[in-house]
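Heads up, the thing below is written out as structure tokens.
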Amino acid sequence: MLMSKFTWNDLIQLNSVTTSYLSPLSCMAHIDVNAFFAQVEQIRCDYTRDDPVVCVQWNSIIAVSYAARKYGISRMDTIHEAMKKCDHLIPIHTAVFKKGESWWTYYDGYGSWMKEKEKQLPPDNYKVSLDPYRRESRKLFKIFKEYCYSVEKASVDEVFLDLGRLCFEDLMFSDDEVFQKSEAMQAIRNTFINGEYDLQTALPSLPDELKNLEFTGMVFNPANRPLLNDWDDIIFALASRETQKMRDVIKESLGYTTSCGIARTKNVAKLGSNFRKPDAQTIIKNNCLEDFLDNGSFEITSFWTLGGKLGKEICQVLNLPPKDSIKYIRNTWANSPKELESFLEKQLEERGGQFNELTTIDSTNIHTLAKKIFELSRGVHPVQLNTRPLVKSMMSNKNMRSSSCKSLIDCIDWLEVFSGELATRIQELEQEYNKVIIPRSATVLMKTTLGETYRKTTQLHNRDSKLACQDLLNATSKMAAELDKKYAEPNSKKFYPLTNMNLVISNFEILDLKKTVLDMFGNQAQVYEKNNDERNKDEMAEEEDHSTVIAAEEKTEELQCQKCDLFFPNTKEFQEHLDFHFASKLSDSLNGIGNDSRNLSVGEQRLLFSTKRPSSNSKRILSNGKKRKTAKGSGNILSFFSR
DNA sequence: TACTCACAG
DNA sequence: GGCTGTGAGTA
């Protein structure tokens, strides 16, 4: 009997938030918003996608809408060049702070392209604000979080999604007809639910009925390879539907078009999202991986983190050809990363322990590097999603024109802007995540015309544990005055005018705004709780949500595990219990992966198998529940409390 | 901790 | 090219 390439373990590992990226069935997506800043302005100002909008900062264009690209306009053009290419161009300037003011505004109708002198926005007296884009970014991120268990915010306009768990659930629980009608699929589902699988055993081969499943978006397949051949293809097809759903919601609710790439790894997914734009998604199946990497538009330096000096150095050291470097790597070191590593070692030896110009590659990192290059060239370099902490530092910066900053008074005017910007950014973060965020240090930096930099750091002590713009201004003005006194007064000619000035706040203390049940009814004061570990904020918010959700949900559901006849009061605990079965299975028969979860505390198990359930899918598992009573409308309360 | 460099969008 | 951000390495 024909079997799949994949084992039960590969499949079930998809469901683990912490190790899904290591499964050969893993499935990642990268989504980025096309010409983000331009789209934000297009939507804000009520233009359509066909209007040639560009987003402008001083004289340069920082984002070109796809409508404007049709005229051959690129980011390199100045605004005046662009207007020559398209006479009905719609330039929109970013929001700005005015020197001496602590808030930003849009000055629509103002900009360097305006003839009237009073409608200019001279960089001397204004500072660009990117706040509007951060706000929109947060809205986007929120939507992704609603639909997907595991989301990494890669930048203001892009995210990575680990779709493993979502696809796993689709496979096991979705009502899709293709699955419902397939007896073979039902058998697999039952095997799973009843825990009658052996992790080391190969999955059955793909039932013929499933070969009707359709992808959404473009499958990269110039070589016409079989579309649905094994379970990885099924996972990718499901993934393509999931990302399409999210992208549709974003397009309909916020108005943004996005591009998406789906592949086994983050690295390839990212190349994929960039492959077809705008408003498109590209699926790079495992059996088309090398076709994709070799299609002519990529080199080894196309991969993330290899775009700079490190990539150049790798090209030199490995003697890579200028074209088809990825294929060359695959063919030259065909069998193992070890071969590549020995080659690097030899090269290193020949050059006396150090490569030419840079010192980035040395004996301490060639092992890791060799493995990485080997895997990247095959499109299988596994990288986990990175859940970033809420904030590490925050900077407000201004490059000065000659006349912008000639005295201490000017410095303080700019500090007003910086303080205002940072204070509102902190405030917005606080509101969004229900936290109190207190920066404990602030650094003021000044750069003189001669290129010297002077800085001063101070500890912040806020009496009411809230960062007010005024507090920050007070603290930083003091520092500015000290710097002025120390460096400007003795030899004033060399100090002013400044060429750059910035303010950085860091060392954040993050307090939870713990809501008790009572306080939800408005009867009890809010309580701050100190959070002194490194857990990131998403995780925290999640836990909070759960506690309220469970409380309301508890009486409404009853689920039974077929395996041990236990009943469970809610979906969360039921899922947790199923997770427990996986964990046991894992530890029984696996060497290396996973701990013995039976000995783990609930909290530790949760780390292994997150039980977070995106709201849009929250009832899905019930569609397959064996025993369940009808929910008795606690929905209103629920939706009121959760966020 | 403070500072610089590399890399990215 | 201007601007904002993170992570690695170094002292």
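Naming: A, B, ... by sequence-line order, numbering from 1 per chain. Since the structure is predicted, the reported quantities are computational estimates derived from the model, not experimental observations.
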note: A/Phe303, atom CZ; B/dA6, atom P; distance rounded to Å ~ 23 Å

Taken to the nearest whole Å, CD/A/Glu452 to C1'/B/dC3 is 17 Å

A/Arg455 CZ to B/dT1 C1', in whole Å, measures 12 Å

Among the nucleotides B/dG9, B/dA2, B/dT4, whichever has the atom closest to the side chain of A/Thr457 is B/dA2

Whole-Å distance, A/Met400 CE to C/dG2 C1', equals 14 Å

All heavy atoms of A/Cys148 vs all of A/Asp162, minimum pair found to be SG-O, 3.6 Å

Under a 4.0 Å N-O cut-off, is there an ion pair linking A/Glu509 with A/Arg440?
-> yes

Sugar-phosphate, base or nothing in reach of A/Leu130, heavy atoms under 4.0 Å
sugar-phosphate

A/Glu313 atom CD is separated from B/dA6 atom P, nearest whole Å, by 11 Å

Looking only at C/dG1, B/dC7, B/dT4, the nucleotide nearest the A/Lys309 side chain is B/dC7

Taking NZ, NE, NH1 and NH2 as the nitrogens, is one of them in A/Lys277 or A/Asp32 under 4.0 Å from a carboxylate oxygen of the other? no

Between CD1 of A/Ile79 and C1' of C/dG2 the distance, given in whole Å, is 15 Å

Base, sugar-phosphate or nothing for A/Asp157? Non-hydrogen atoms, less than 4.0 Å.
sugar-phosphate

Taking B/dA8, C/dT4, B/dT4 as options, the one with an atom nearest any side-chain atom of A/Thr453 is B/dT4

Does the side chain of A/Trp304 pick up a donor-acceptor pair with the side chain of A/Asn267 at under 3.5 Å? no

Rounded to whole Å, the CG-P distance (A/Leu271 to B/dG9) equals 11 Å

ask   = Less than 4.0 Å between a side-chain N and a carboxylate O, is that true for A/Glu41 and A/Arg44?
value = yes

Residue set satisfying side chain to side chain donor-acceptor pair (under 3.5 Å) with A/Thr282, at least two apart, ordered chain then number -> none

Sequence neighbours excluded, the answer for salt bridge (Lys or Arg N to Asp or Glu O under 4.0 Å) partners of A/Lys398 is none

Picking from C/dG2, C/dG5, C/dG7, the nucleotide nearest the side-chain atoms of A/Gln57 would be C/dG2

Checking C/dT6, C/dT4, B/dG9 against the side chain of A/Ser155 (C-beta onward), the nearest is B/dG9

The residue, A/Arg401 or A/Val391, whose nearest nucleotide of DNA chain C is more 5′ is A/Arg401

* **Check ion pair A/Asp248-A/Lys251 (N to O, under 4.0 angstrom)** => no

With the side chain defined as heavy atoms from C-beta on, A/Trp304 is closest, among C/dG7, C/dG5, B/dA8, to B/dA8

Please classify the nucleic acid contact of A/Leu306 as base, sugar-phosphate, or nothing, using heavy-atom distances under 4.0 Å. sugar-phosphate

- Message: Tell me whether the side-chain N/O atoms of A/Ser393 come closer than 4.0 Å to OP1 or OP2 in C/dT6.
- Response: yes

Give one of base, sugar-phosphate or nothing for A/Lys270, where a contact means two heavy atoms less than 4.0 Å apart. sugar-phosphate

Check: Do any side-chain nitrogens or oxygens of A/Arg425 fall under 4.0 Å of OP1 or OP2 in C/dG5?
Finding: yes

Between CD1 of A/Ile505 and C1' of B/dA2 the distance, given in whole Å, is 18 Å

Among C/dG1, C/dT4, C/dG7, the one nearest any side-chain atom of A/Arg134 is C/dT4

TODO: Pick base, sugar-phosphate or nothing for A/Arg75, based on heavy-atom distances below 4.0 Å to the nucleic acid.
DONE: base

Exercise. For A/Lys392 and C/dG5, is the shortest distance between a side-chain N/O and OP1 or OP2 below 4.0 Å?
Worked result: no

Among the nucleotides B/dA8, B/dA6, B/dT1, whichever has the atom closest to the side chain of A/Asn507 is B/dT1

Tabulate protein N/O versus nucleotide N/O from nucleotides 8-11 of chain C, keeping only pairs under 3.5 Å, one per line.
none

Per atom distances to the A/Met395 side chain, the nearest of B/dC3, B/dG9, C/dG5 is C/dG5

Practice prompt. Identify whether any heavy atom of A/Lys456 sits under 4.0 Å from a base atom; if not, whether one sits that close to sugar-phosphate; answer base, sugar-phosphate or nothing.
Written response: nothing

Regarding the side chain of A/Trp58, the nearest nucleotide among C/dG5, C/dG2, B/dG9 is C/dG2

Distance-only donor-acceptor check, side chains A/Thr105 and A/Lys98, under 3.5 Å: no

Considering every strand and a 4.0 Å limit on heavy-atom distances, what is the contact class for A/Ser396: base, sugar-phosphate, or nothing? nothing

